[in-house]
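Below is one structure, written out as structure tokens; the observations come after it.
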Amino acid sequence: MSKKNKKQKVKPQVLKGFRDYPPREQIAREAMLAKIKDSFELMGFLPLQTASLEFAETLLGSHYNEDSLNELFGFQGPDDVDMALRYEFTVSLARFVASNPTLPLPFRRYQYGNVWRVDKPGPGRYREFMQFDVDIVGTQNLLADSEIISAMVSTMDKLNVKNYKVRFSNRKILNGLIEYASIPQEKSSDVMRVIDKLDKQGRDAVILELGAGRVDVSGDKIKGVELENTQICKIEEFLDIASQKNVSGLDAVEKLLGSIEVSQTGINELRSILENLSNMNIDATKTEIDLTIVRGLGYYTGPVFETTLLDLPEYGSVFSGGRYDNLVDRFLGRSIPAVGSSIGVDRLLAALLALDALELKESTSQVLVTVMDRERLPEYLNILQELRNAGIPSEIFTGDTKNLTKQIKYGDKVGIPFALIAGSDEFEKGLLTIKNLQAGKEKAKETSDREEWLKAENIQESIEAKDLISYIKENMSTS
RNA sequence: GCUGAUGUAGCUCAGUUGGUUAGAGCGCCUGGUUGUGGACCAGGAGGUCGUUGGUUCAAUUCCAUCCAUCAGUACCA
């Protein structure tokens, strides 16, 4: 091989923030998707799939500015059309609803797929990632909000996540706080953005940022919102109260902000949702009112939801959303109210992997049919088909070697539980040899002595050929 | 974007006070064993020492630059 040839090699690299899912992860990922789908369909949500590429104008709408433009994968496509990869599903949902006027409302739909954002990658955070959305479009009824929260709880349960909390609040309460603290409109989103950091940065940092700003651990300066002390005091007053969760916090906030109409509305709405959840018999330990939740600015208009894993809070929210009553405006000029929530599938997957909370299957095959004697290929293929017809996932060794060692090594490496071995010894007696690779793997942990390992029980036995299917079915792991 | 750190084999890392053939462990490949996995034993492949430029008789080593990665932070519709 010449040096020139070497230079022509293409480096096997993936783009920043993109990744592959090796089979063991993808198997777990698809199992997750199936559970989520089941959970939503049980609640009568309908599947919808929309285009991955949209007109840039569709995606950006009124949010069109330099910043949002930098955040998405946009480009000029064929026919000189400005287009971009979707960064979420909600806009596409709004477009779909707007262009299907006969759609029966309320429209309950779920959608999953990849979305793309030019973000800085971090743990559980990628530039291409999967979201799984559930929304109800076309109703202001708080029953819809309650249904979404209910879906969040039942889906987390269905996914067998143990230690989580669905927290929710109402943006209207914070809108009232802005008024209460006499904060001018142009500073309101800055203030909310800072309050949103409460969880991650803590109360002291928030207070500093509301005022003069602070310096972070790396020495980077973070500029403050420059509020006056009286304003900050009023926000502190609220934060103290909001640290009490649930009904007691709600009562206390009502005393503080009840005179402000928008806050009172928000409080009433939360009370109504609480009542619905209670009538739905949603486990009260799984949900919690947390009045410090902010979420997307200029987007959510009412209740907002978040789901945190109590064992891995640093992964942030894995399932979140809220009510957005203005989104369809962009297409219709009139508003259609909507509420929904979205699972960050890959973030949740990464978190569950980090918690070691997923069973990882290595292979989809249960049986590897080895090819020891090529003369016998017709028999092997018959056995293979017999297994598959019985519903047992199986494969035949399709590699080039007839070396049995290598075939079994292959089965071991890819994690196939059983290897079927048969040569003239077996065929003459009507037998088949089944080697339990999984049992062997277990045994290998106990002994380092080869002789002992080879002699171990349950690792290999010869059975009557006619008993093959029942033997495998009995010994298959059920997972 | 900002602040800081780090780039040497597929992975984790050692090393060179500037000097000829740059090392280890793990992984990978081959054989021991074409009728049997792990462990073990023997052998082997694999590196323009991140890029470009500068200093020097000589740079993987020193300097500059860019790029990439990691951490924190900002932004996140």
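A, B, ... follow the sequence lines: proteins, then strands. Residue 1 opens every chain. Model, not experiment: these values are computed from the prediction.
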Checklist entry - Taking the same atom, P, in B:rG19 and in B:rC75, what whole-Å distance lies between them? => result 48 Å

Item to check | Sugar-phosphate only, base, or nothing, as touched by A:Asn403 at under 4.0 Å among non-hydrogen atoms | outcome: sugar-phosphate

Checklist entry - Mind checking whether A:Phe319 and A:Tyr164 have ring centres under 6.0 Å apart? => result no

Next on the checklist: From CZ of A:Phe129 over to P of B:rC76, roughly how many Å is that when rounded to an integer?
Outcome noted: 15 Å

Next on the checklist: For A:Ser342 and A:Glu88, which I'm curious about, is there any donor-acceptor pair between the side chains at under 3.5 Å?
Outcome noted: no

Item to check | Integer angstrom distance from the C1' of B:rA45 to that of B:rG27 | outcome: 13 Å

Item to check | Protein-nucleotide distance (A:Leu437, atom CG; B:rG37, atom P), rounded to Å | outcome: 10 Å

Next on the checklist: If you apply the rule side chain to side chain contact (heavy atoms under 4.5 Å, CB included), what do you find for A:Tyr87 with A:Val118, and how did you get there?
Outcome noted: CA-CA 9 Å; A:Tyr87 59 85; A:Val118 187; over 6 Å; no

Next on the checklist: Base, sugar-phosphate or nothing for A:Arg125? Non-hydrogen atoms, less than 4.0 Å.
Outcome noted: base

Checklist entry - Distance between the C1' atoms of B:rC11 and B:rU69, in whole angstroms? => result 15 Å

Item to check | Nearest-Å distance for atom pair OH/C1', residues A:Tyr410 and B:rG38 | outcome: 19 Å

Item to check | Lys/Arg-Asp/Glu bridge criterion (N-O < 4.0 Å) met for A:Asp190, A:Arg193 | outcome: yes

Next on the checklist: Work out how far the P atom of B:rU6 is from that of B:rG15, and round it to whole angstrom.
Outcome noted: 14 Å

Checklist entry - Roughly, in whole Å, what's the span from CD1 in A:Ile459 to P in B:rG37? => result 11 Å

Item to check | Listed nucleotide nearest any side-chain atom of A:Thr405, set B:rC29, B:rG35, B:rG37 | outcome: B:rG37

Checklist entry - Using the C1' atom in both, what is the distance from B:rU51 to B:rU60, to the nearest Å? => result 14 Å

Checklist entry - How about A:Glu426 and A:Ser462: does a side-chain donor come under 3.5 Å of a side-chain acceptor? => result no

Checklist entry - When rounded to the nearest Å, what value does the distance between C1' atoms of B:rC40 and B:rA22 take? => result 30 Å

Next on the checklist: Less than 4.0 angstrom between a side-chain N/O of A:Lys223 and OP1 or OP2 of B:rA74, yes or no?
Outcome noted: no

Item to check | Whether A:Tyr471 and A:Phe418 hold their rings parallel, tilted or perpendicular, with breakpoints at 30° and 60° | outcome: perpendicular

Item to check | Minimum-distance nucleotide to A:Leu72 side chain [options: B:rU36, B:rA74, B:rA77] | outcome: B:rA77

Item to check | Intra- and inter-strand pairs of RNA chain B in dot-bracket (Watson-Crick or G-U wobble, both distances under 3.5 Å; | for another strand) | outcome: (((((((..((((.....[...)))).(((((.......))))).....(.(((..]....))).))))))))....

Item to check | Touch class at under 4.0 angstrom, heavy-atom based, for A:Asp373 against every strand present | outcome: nothing

Checklist entry - Can you tell me how far C1' in B:rG10 sits from the matching atom in B:rG47, rounded to whole Å? => result 12 Å

Next on the checklist: Tell me if the side-chain of A:Gln201 makes a donor-acceptor pair with the base of B:rG72, cut-off 3.5 Å, by modelled atom types.
Outcome noted: no

Checklist entry - Could you give the NZ-to-P distance, from A:Lys441 to B:rA39, as a whole number of Å? => result 11 Å

Checklist entry - Closest to the A:Lys409 side chain: B:rA77, B:rG35, B:rG38? => result B:rG38

Checklist outcome for this item: Whole-Å distance, A:Lys120 NZ to B:rG72 P, equals 8 Å

Next on the checklist: Set out, in order, the CA-CA distance, both residues' side-chain angles and the distance that settles salt bridge (charged side-chain N to carboxylate O under 4.0 Å, His left out) for A:Glu54 and A:Arg86, then state yes or no.
Outcome noted: CA-CA 6 Å; A:Glu54 297 269 9; A:Arg86 64 187 178 203; over 6 Å; no

Checklist entry - How close or far is atom P of B:rU36 from atom CG of A:Asn436, stated in whole angstroms? => result 18 Å

Checklist entry - Do A:Arg109 and A:Asp135 sit within salt-bridge range, that is, some charged N less than 4.0 Å from a carboxylate O? => result yes

Checklist entry - For atom C1', what is the distance between B:rG7 and B:rC66, given to the nearest Å? => result 14 Å

Checklist entry - Which of parallel (below 30°), tilted (30 to 60°) and perpendicular (above 60°) describes A:Phe427 and A:Tyr380? => result tilted

Checklist outcome for this item: Side-chain contact check for A:Trp453: nearest option of B:rG38, B:rU36, B:rA77 is B:rG38

Checklist entry - If you check the A:Glu209 side chain, which of B:rA74, B:rC75, B:rG37 turns out closest? => result B:rA74

Checklist entry - Where the side chain of A:Lys413 is defined as all heavy atoms beyond and including C-beta, which of B:rG35, B:rC75, B:rC29 is the nearest nucleotide? => result B:rC29

Item to check | Closest listed nucleotide, where the reference is the side chain of A:Gln460 and the choices are B:rA77, B:rU36, B:rG37 | outcome: B:rU36

Checklist entry - In whole Å, what is the span from the CZ atom of A:Phe418 to the P atom of B:rG37? => result 18 Å

Next on the checklist: Tell me whether the side-chain N/O atoms of A:Lys406 come closer than 4.0 Å to OP1 or OP2 in B:rC29.
Outcome noted: no

Checklist entry - Considering only B:rG37, B:rG35, B:rA77, which nucleotide approaches the side chain of A:Tyr87 most closely? => result B:rA77

Next on the checklist: Counting distance alone, no hydrogens or angles: does the base of B:rC76 have a donor or acceptor under 3.5 Å from a partner atom on the side chain of A:Arg193?
Outcome noted: no

